[in-house]
Amino acid sequence: TTRSWDYLGLSSVNSSNLLRNTHLGHQVIIGIVDTGVWPESEMFSDEGIGPIPSRWKGNCESGQQFNGSAHCNRKLIGAKYFIDGLLAAIGDLNTTQNPEYVSPRDFNGHGTHVSTIAAGSFVANVSYGGFGKGTARGGAPLARIAMYKACWLQVGTCMGSDLLKAIDEAIHDGVDVISISVAFPIPLFSEIEIRDGISVGSFHAVSKGILVVCAAGNKGPAAQTVVNTAPWVLTVAATTLDRSFPTSITLGNNITMQGQAMYVGPELGFTGLVYPENPGTGDEEFSGDCERLSVNPNSTMAGKVVLCFTAKTDNSPVASAVSAVRNARGLGVIIARNPGHLLVPCGGFPCIAVDYELGTDILFYIRSNKIPVVKIMPSQTLVGQPVSTKVATFSSRGPNSISPAILKPDISAPGVNILAATSPDDGGFAMKSGTSMATPVVSGIVALLRGLHPDWSPAAIRSALVTTAWKTDPSGEPIFADGSNRKLADPFDYGGGLVNPEKATDPGLVYDMGTSDYILYMCSAGYADSSISQLIGKPTSCPNPKPSILDLNLPSITIPNLRDEVTLTRTVTNVGPRDSVYKVVMEPPSGVRVDVNPKTLVFNSETKRVSFTVRVTTAHKVNSGFYFGRLTWTDSVREVTIPVSVRTQILQRYYDDN
Amino acid sequence: DAKKKVHIVYLGERRHDDPEFVTESHHQMLWSILGSKEDAHDSMVYSYRHGFSGFAAKLTDFQAEQISGLPEVIHVMADRSYELA
């Protein structure tokens with residue numbers, strides 16, 4: 001957060017409109033469902049924050065090392081914990097064997113981190129081991145935080161029964177936004193089955209006007225891995241910032257390259273460099289695989305920097321390699337891999353990541369020199385250009401595996417190396433990465449928008465975010481999606497794009513929805529009248545014939561099974577100047593024809609909502625992948641853009657693995 | 001007891017504004033299946049009574065199946081765990 005908000009144009013120094021006009025979100029209450037809080041963090045300071053909003057009905061509970069009346073203040077206004085579901089599942093919790101606080105206090109650190117990303121107070125001169133130095137703060141620095149601790153232990157286990165109670169209490173207490181950085185792996189459960197407690201709980205929250213922001217999950221970059229896909233929640237993917245930590249690696253031939261690390265030094269002067277491989281002279285086993293370095297004779301690695309390769313992008317090969325090289329009394333490790341965006345410091349030990357290209361350069365240098373050497377410098381913090389924005393490798397991708405016609409994720413936000421508060425026992429601040437971190441970035445922005453537009457529905461706020469999102473990074477350069485291979489990002493990577501808070505304040509038009517729209521979604525998805533009736537608490541019968549899921553009034557058009565042609569409808573509501581005229585600009589997906597009718601929308605004092613149809617036909621003759629385009633309404637000042645994604649399926653419901 | 005595990009009984013939108021009344025109805029429902037007020041009290045883990053109606057309770061699979069047959073019940077599902085993202 002020492003960079004996130006400036007990067008997104010929400011700089012407090014320039015006093016952006018959104019921050020100024022909402023008084024930094026001071027009237028908004030954000031409910032965080034997570035692992036608890038460290039209330040001692042300076043980011044929970046309530047200095048300069050006014051009285052608690054009178055509508056607040058929550059409170060702070062006491063428990064192990066947490067005094068509800070002493071630890072809460074005008075910033076941290078709620079703190080509750082829900083452990084009964086976990087206890088019923090595992091029996092008694094032995095906190096000696098499994099350290100934890102049976103209270104709202106945060107053993108894990110995750111809850112403190114995400115809550116301060118959303119709404120932490122200003123804390124100057126913060127860094128993480130010297131990296132990312134600056135002022136840490138939340139997106140809505142004066143908004144109030146209510147923590148609902150439902151996730152427990154070091155691994156962060158959250159039982160569905162505890163999560164549901166947390167959401168139920170948050171609804172009761174009067175939060176405006178619920179932020180949930182929690183996921184369940186695919187395959188998914190139906191959105192209206194209680195097995196997906198987040199979805200069902202969220203439905204009730206959203207139907208009461210509370211916006212629910214959820215993580216897209218960390219199972220990327222494979223397709224169809226996005227979770228929390230219900231159309232009533234705002235699902236958030238993770239991007240990088242324009243900040244990196246280059247680390248100079250100089251080879252004995254004087255070629256210098258920049259890897260990535262969080263190495264605080266000291267400089268490692270020219271030192272032996274090795275890639276463990278069998279010289280072909282004996283039976284000893286050698287491996288240059290980062291996860292198998294421990295099979296090498298210690299003498300191979302002792303006193304040297306070791307190069308290894310891995311196909312994995314998570315952090316496990318780094319941990320294995322560091323452990324093996326340290327045990328062999330090596331001096332450092334260079335890990336060649338595809339970018340995973342999961343840098344961590346290696347406890348003062350040089351561990352530097354490079355890609356396969358640089359890794360192969362180093363390998364060829366080693367193989368062509370009898371005494372290869374390397375010099376490693378401490379890492380630097382590089383901010384701004386030329387560091388580019390990428391959708392993180394780990395960020396889960398669409399299409400939505402339950403309803404591919406519902407675009408997920410909705411939006412993306414920075415979620416890599418985000419510096420925010422954690423336990424004071426852990427240094428007080430830490431960098432963490434995940435869609436967990438991207439989620440409260442959006443929650444903070446949503447809080448500001450809620451403060452600015454208290455009468456907007458959750459769907460209207462979602463629409464404002466999606467239709468105004470950046471399709472490039474804030475400096476105008478393309479956003480790429482990391483994976484294998486790096487490619488230009490598309491809506492299944494980042495939804496509408498990278499969240500653009502200032503633009504979202506004045507979207508012009510919104511694609512609004514309410515409970516009746518979600519009922520039509522359930523009808524179109526084939527849920528029974530009886531289930532829908534009980535869910536919403538009143539008799540409901542779905543129309544016959546069933547409505548088309550393509551007509552759900554989302555700020556996106558996703559057609560997963562186009563055969564010949566289809567016509568769908570959208571309705572836009574004018575939230576800008578009363579007398580406005582918007583014209584359509586269509587960028588159709590390749591090989592797809594899109595006709596919008598009418599092509600001009602006229603709004604005045606009597607006409608606030610206008611519908612239009614979109615007729616889509618395909619020229620493709622085979623089952624294709626998705627092609628992407630955009631539909632924009634513009635009044636010359638505003639651009640209301642939605643992503644259009646179309647897949648031709650001549651053979652319907654056909655799995656192609658030939 | 002060893003065979004009991006937490007199940008979530010989901011009843012949909014609340015049918016009463018008073019949360020105490022909603023919780024009482026949950027106890028009554030459990031009581032009708034378990035046969036005693038004490039057992040119902042001991043089995044109850046949570047009553048969801050503000051944003052929606054439902055409860056979490058320690059039940060055998062058979063008891064869960066019995067509850068799922070009640071007309072006001074939408075779903076009965078075994079509890080499961082989520083992970084941080």
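Chain A is the first sequence line, chain B the second, and so forth, proteins listed ahead of strands; every chain is numbered from 1.
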Any donor-acceptor pair under 3.5 Å from A:E61 side chain to A:K80 backbone: no
Could you check whether any side-chain N or O of A:N108 sits under 3.5 Å from a backbone N or O of A:T35, counting only pairs where one atom can act as donor and the other as acceptor? no
Report the C-alpha separation of A:T439 and A:V114 in whole Å, then their side-chain angles, then the decisive distance to 0.1 Å, and conclude whether the side-chain contact (heavy atoms from CB on, under 4.5 Å) test is met. CA-CA 8 Å; A:T439 300; A:V114 298; over 6 Å; no
side-chain contact (heavy atoms from CB on, under 4.5 Å) assessment of A:D314 paired with A:F394: CA-CA 8 Å; A:D314 65 19; A:F394 59 75; over 6 Å; no
Against chain B, label A:L535 side chain, backbone, both or neither, depending on which of its atoms sit under 4.5 Å from a heavy atom there. both
Let me know if A:F189 has heavy atoms under 4.5 Å from chain B in its side chain, its backbone, both or neither. side chain
Side-chain donor-acceptor pair present, A:T229, A:K408, cut-off under 3.5 Å: no
Point-to-point distance, once rounded to the nearest 0.5 Å, from CG of A:D168 to CG of A:L163: 12.5 Å
Donor-acceptor pair, B:S43 side chain versus B:A40 backbone, under 3.5 Å? no
Please report the closest heavy-atom contact between A:K149 and A:F107, naming both atoms and the distance. NZ-N, 4.4 Å
Under 4.5 Å between any side-chain heavy atoms of A:Y518 and A:I536, yes or no? no
Do you know which of A:S531, A:S436, A:G434, A:G537 has the most heavy-atom pairs under 4.5 Å to chain B? A:S436
Determine yes or no for a side-chain-to-main-chain donor-acceptor pair under 3.5 angstrom, with A:H341 supplying the side chain and A:G415 the backbone. no
Looking at B:W31, I want to see if its CH2 is surrounded by more than 12 non-hydrogen atoms of other residues, nucleotides or ligands under 6.0 Å. no
Decide if atom NE2 of A:H172 counts as having more than 12 heavy atoms of other residues, nucleotides or ligands within a radius under 6.0 Å. yes
Just checking heavy atoms, which of residues 53-81 of chain B are less than 4.5 Å from chain A? B:A56, B:K58, B:P71, B:E72, B:V73, B:I74, B:H75, B:M77, B:D79, B:R80, B:S81
At a 4.5 Å cut-off on heavy atoms, which part of A:S530 comes close to chain B: side chain, backbone, both, or neither? neither
Donor-acceptor under 3.5 Å (B:Y48 side chain, A:S161 main chain): yes
Is a side-chain donor or acceptor of A:D34 paired with a backbone partner of A:M147 at a separation under 3.5 angstrom? no
Side chains of A:D196 and B:Y82, heavy atoms from C-beta outward: is any pair under 4.5 Å? yes
If one checks every heavy atom of A:I532 against chain B at 4.5 Å, the contacting part turns out to be neither
Okay, B:Y46 and chain A: the region with an atom under 4.5 Å from a heavy atom over there is side chain
Hey, what do you get for CD (B:Q28) to NZ (B:K37), rounding to the nearest 0.5 Å? 8.0 Å
Under a 4.5 Å heavy-atom cut-off, does chain B meet the side chain of A:K219, its backbone, both or neither? side chain
For chain B, which residues of residues 174-183 of chain A have at least one non-hydrogen atom nearer than 4.5 Å to it? A:S181, A:V182, A:A183
Considering only heavy atoms, give the residues of residues 197-204 of chain A separated from chain B by less than 4.5 Å, sorted numerically, with 'none' for an empty result. A:G197, A:I198, A:V200, A:G201, A:H204
Verify, without hydrogens or angle tests, whether A:T435 (side chain) and A:G217 (backbone) share a donor-acceptor contact under 3.5 angstrom. yes
Within residues 6-23 of chain B, which positions have a heavy-atom distance to chain A below 4.5 Å? B:V6, B:I8, B:Y10, B:L11, B:G12, B:E13, B:R15
Are any side-chain N or O atoms of A:N218 and backbone N or O atoms of B:A85, one a donor and one an acceptor, separated by less than 3.5 Å? yes
Turns out that what part of A:A205 lies under 4.5 Å from chain B's heavy atoms comes down to neither
Can you tell me which portion of A:D162 sits under 4.5 Å from chain B's heavy atoms? Options are side chain, backbone, both or neither. both
Distance check, rounded to the nearest 0.5 Å: A:E100 atom CD versus A:T157 atom OG1? 10.0 Å
Taking A:N417 for the side chain and A:M431 for the main chain, is one N or O donor matched with an acceptor at less than 3.5 Å? no
Using side-chain heavy atoms (C-beta onward) and a distance below 4.5 Å, is A:T540 in contact with A:M522? no
Given that the side chain runs from C-beta out, which part of A:K208 has a heavy atom under 4.5 Å from chain B: side chain, backbone, both or neither? side chain
